[in-house]
2 protein chains.
Amino acid sequence: MPRPRSLTRQGIAAAALAVIDRDGLDALTMRTAARELGVATMSLYRYVADRDELEVLVIDHVVADLDLSVPDAGWRERLTVLAGRLRAASCAHRGVVPLLLRHRHTSPAALRWIEATLGVLTEAGFTGRRRVVAQRTLVAFVFGALQNEYYGPLAGAGTAAMAQLSIKDFPVLAATARQARELSPEEEFHDGLAAVLVGLERSGVEEPK
Amino acid sequence: MPRPRSLTRQGIAAAALAVIDRDGLDALTMRTAARELGVATMSLYRYVADRDELEVLVIDHVVADLDLSVPDAGWRERLTVLAGRLRAASCAHRGVVPLLLRHRHTSPAALRWIEATLGVLTEAGFTGRRRVVAQRTLVAFVFGALQNEYYGPLAGAGTAAMAQLSIKDFPVLAATARQARELSPEEEFHDGLAAVLVGLERSGVEEPK
DNA sequence: CGCGTAGGTGTACAACGTACATCTACGGTT
DNA sequence: AACCGTAGATGTACGTTGTACACCTACGCG
């Protein structure tokens, strides 16, 4: 009845995302998000309960407009497409990766993505316990791979430091790190995912329930 | 030459871990860690550069005494054992999981674990690009699964909330969440890992380089 | 033309990481 | 046995963070 709201959760999410994209995740605070919107800090608390909810808002905004349709192809190809889109979205906003990892089971949009993968698995004949394992394994790999890219990128400073510092204590690791620099993140993700999907196809078929 | 050190990095790590085990990860601060040791807060900075280094110290302490020997068995079984030990260690100190995820490429002990898995892969005939993909995929799954357990446990409040709240918007997800509650974390991890390893075995054999 | 209600905000506080200056106690020299 | 330089230990203090709380304020309805 009184005084209409001047902000929207969408707008708040977009502003917070803008801060992250411009100045990095560490720069996101209640104050910087509010300043980006031109309002006082405490105003945000009329829209979100606390910082965690703001974070969920952000990743929801990033994942919200994911295309969840699947191509007319085999289930492995379908899942590859879905996973690729999620990865593309997170790569477009590198800073949100830690938030995505933490809130992936809270964000409605992320849950919609999981629901979509479950739909594909179900159509492919996965049911019961086997479907549970397949879905959790897929999620573990996809988000684990995102985390790999974020905290220990193959081509970046991560392997550079690794390849140099540890050549004596970690001979195989150092050699592998050197080879790894020739592998693009896309290739790594794609090949790894392919292996996981092959494994899911073969496994568990002899134990129906 | 003057005044010998009164603390050890080992002792500091143990104290910080004790705080985490007793009061949770959020309770770990420079002040609480120092109080646990009976020294002033700033004394810690004679041993670590900043909080990040303290965190690395903690996870190094947790992973340090992992048994890295492998049984006399096939490479898949060997990797299963290695992964299982890492998981067991992190389950014994639930609170360190986020630290382990963040610093897994920084902690020497964690790198030793990775080196061990690489050794197994190498003996199994993995080389070049195929070895890189296998190792990164394995790491992605293992740490992704830990994160699954930590942030969205199957049997805990995570699926409980999911199974209830989303029964209309996420039909498959809700059904799966209900089934998932009958699956122990150990089974989930073991079955998922088995699938990943099978996939790694099959994949990439026809592309030698 | 008020008036109540809910949105907006300013102030304030506890807790955090840590820079800095200072105190202190020991090993090596005499 | 006395001292002295050095590096460990510490107390204080500052900037930042999330957010509780009390206070204004502007609009839709009567």
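Every value quoted in this text rests on a predicted model; they were computed, and no experiment measured them. Residue numbers begin at 1 in each chain, while the letters A, B, ... track the order of the sequences.
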For residues 38-48 of chain A, dump all side-chain donor-acceptor pairs below 3.5 Å to protein atoms at least two apart in sequence or in another chain.
| unit_1 | atom_1 | unit_2 | atom_2 | d |
| --- | --- | --- | --- | --- |
| A:Ser43 | OG | A:Ala40 | O | 3.3 |
| A:Tyr47 | OH | A:Ser6 | N | 3.4 |
| A:Tyr47 | OH | A:Leu7 | N | 3.1 |

*Hey, is CD on B:Gln10 packed in by over 12 heavy atoms from elsewhere, all under 6.0 Å?*
no
*Along DNA chain D (nearest heavy atom to each residue), the more 5'-positioned of A:Met42 and A:Thr32*: A:Thr32
*Starting from C1' on C:dC16, measure out to CG on B:Asp52 and report it in whole angstrom.*
14 Å
*CG of A:Leu25 versus P of D:dT17: gap in Å, rounded?*
13 Å
*What's the CG-C1' distance between A:Leu37 and C:dT9, to the nearest Å?*
15 Å
*Using a 4.0 Å heavy-atom cut-off across all strands, classify B:Arg5 as base, sugar-phosphate, or nothing.*
sugar-phosphate
*asked:* For A:His93, is the NE2 atom crowded, meaning more than 12 foreign heavy atoms sit under 6.0 Å from it?
replied: yes
_Heavy-atom side-chain proximity of B:Arg102 to A:Tyr151 below 4.5 angstrom_ = yes
_Nearest listed nucleotide, side chain of B:Ser43, among D:dT25, D:dT10, C:dG17_ = D:dT10
*Which nucleotide in the list C:dT18, D:dG18, C:dG10 gets nearest to the side chain of A:Thr29?*
D:dG18
*D:dG18 base / A:Arg51 side chain donor-acceptor hit below 3.5 Å*: no
*Quick one: A:Leu54 CG to D:dT17 C1', roughly how many Å, whole number?*
14 Å
_OP1 or OP2 of D:dA9 versus the side-chain N and O atoms of B:Tyr47: is any pair under 4.0 Å?_
yes
Per-pair distances, 0.1 Å, donor-acceptor, side chain in residues 24-31 of chain A, under 3.5 Å, sequence neighbours excluded:
| unit_1 | atom_1 | unit_2 | atom_2 | d |
| --- | --- | --- | --- | --- |
| A:Thr29 | OG1 | A:Arg31 | N | 3.2 |
| A:Thr29 | OG1 | A:Thr32 | N | 3.0 |
| A:Thr29 | OG1 | A:Thr32 | OG1 | 3.3 |

*D:dA9 base / B:Arg46 side chain donor-acceptor hit below 3.5 Å*: yes
*Using whole Å, report how far CZ of B:Arg35 lies from P of D:dT10.*
14 Å
*asked:* With hydrogens left out and only the distance checked, is there a donor-acceptor pair under 3.5 Å joining B:Arg31's side chain and the base of C:dG17?
replied: yes
*May I have the distance from B:Met30 (atom CE) to D:dA9 (atom C1'), rounded to whole angstrom?*
16 Å
*Between C:dT9 atom P and A:Tyr45 atom OH, what is the distance in whole Å?*
15 Å
*Which whole-number value in Å describes the distance from B:Arg3 CZ to C:dG28 P?*
16 Å
